[in-house]
Amino acid sequence: MPKISGGCLCGQLRYESDAEPAMTAVCHCPDCQRQTGTSFSIVVGLPRAALQITGDAALYTTTGESGAAVHRYFCGRCGSPMYTLPDALPDVAFIKAGTLDDPSWLRPQTEFFCDTAQPWVSLAGDWAREPRNPPLG
Ligand SMILES: [Zn+2]
Ligand SMILES: [Zn+2]
């Protein structure tokens, strides 16, 4: 059994990973709001080498705040945002947590881009809140 698995709304695009998630974060950046069509995204960071994809992913690349490319993969059939590969973090893949088969273990550890959060969004939780990008390191 993979440790993590998930898929898009129509089911043609699937992923799995045998690696444990490295981190879970809420992102309030404007690009995540647009891409997901809602107020924030929830992402699970994984070692990129552990991510196994089946199906056809469509790609739209944006530019992150650092100036590096952010490759946002989605299902071209049903439109579900699926995973993001940022050039600034070449060893990390971020899964959109709404696509997990089993989200029961999900618990954010941090929020990014709180400066651009919708003003009425207030998530309960004792975790780190970054005004913009997390400190990378
Ligand atoms: Zn789909
Ligand atoms: Zn974001």
Side-chain angles (χ1 to χ4, degrees):
M1 278 284 287
K3 291 187 163 63
I4 292 181
S5 65
C8 66
L9 185 59
C10 77
Q12 73 86 13
L13 182 57
R14 302 270 315 157
Y15 60 81
E16 59 181 47
S17 166
D18 286 323
E20 296 282 355
M23 57 93 77
T24 300
V26 168
C27 185
H28 299 281
C29 85
D31 286 358
C32 280
Q33 291 183 23
R34 275 191 196 278
Q35 191 198 10
T36 60
T38 182
S39 299
F40 53 85
S41 67
I42 310 173
V43 295
V44 175
L46 298 170
R48 195 175 293 189
L51 185 65
Q52 304 288 325
I53 305 294
T54 54
D56 292 322
L59 169 62
Y60 187 75
T61 297
T62 55
T63 302
E65 197 174 46
S66 68
V70 179
H71 306 288
R72 295 170 175 269
Y73 291 86
F74 59 99
C75 175
R77 182 176 169 205
C78 71
S80 301
M82 294 292 289
Y83 58 98
T84 298
L85 306 180
D87 282 0
L89 293 169
D91 299 327
V92 181
F94 289 103
I95 296 296
K96 296 290 192 210
T99 63
L100 289 166
D101 290 334
D102 173 17
S104 63
W105 53 270
L106 202 60
R107 187 181 180 282
Q109 294 163 309
T110 183
E111 286 177 67
F112 300 156
F113 282 91
C114 291
D115 277 1
T116 51
Q118 299 282 314
W120 47 267
V121 171
S122 177
L123 301 177
D126 183 18
W127 52 64
R129 291 179 170 86
E130 304 292 343
R132 302 192 72 80
N133 263 335
L136 302 177

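This structure is a prediction, so every number in the text was calculated from the model and none was measured. Read the numbers this way: they start at 1 and go in the same order the structure lists the ligands and their atoms.
When rounded to 10 degrees, the angle formed at the Zn ion (ligand 2) by SG (Cys27) and SG (Cys32) equals 120°. Of the angles at the Zn ion (ligand 1), the one spanning SG of Cys78 and SG of Cys10 is 120° when given to 10°. Atoms SG of Cys75 and SG of Cys8, as seen from the Zn ion (ligand 1), are separated by an angle of 110°, to the nearest 10°.
Not one N or O on the side chain of Thr84 forms a donor-acceptor pair closer than 3.5 Å with the backbone of Arg72.
Of all heavy-atom pairs spanning Arg48 and Pro86, the tightest one is NH2-O, 3.0 Å.
Within 6.0 Å of CG on Asp102 lie more than 12 heavy atoms contributed by other residues, nucleotides or ligands.
At a threshold of 2.8 Å, the Zn ion (ligand 2) has a backbone or side-chain N, O or S atom of Cys29 nearer than that distance.
Under the 4.5 Å side-chain heavy-atom criterion for grouping Ile, Leu, Val, Met, Phe, Trp and Tyr, Ile42 is connected to Tyr73 within one hydrophobic cluster.
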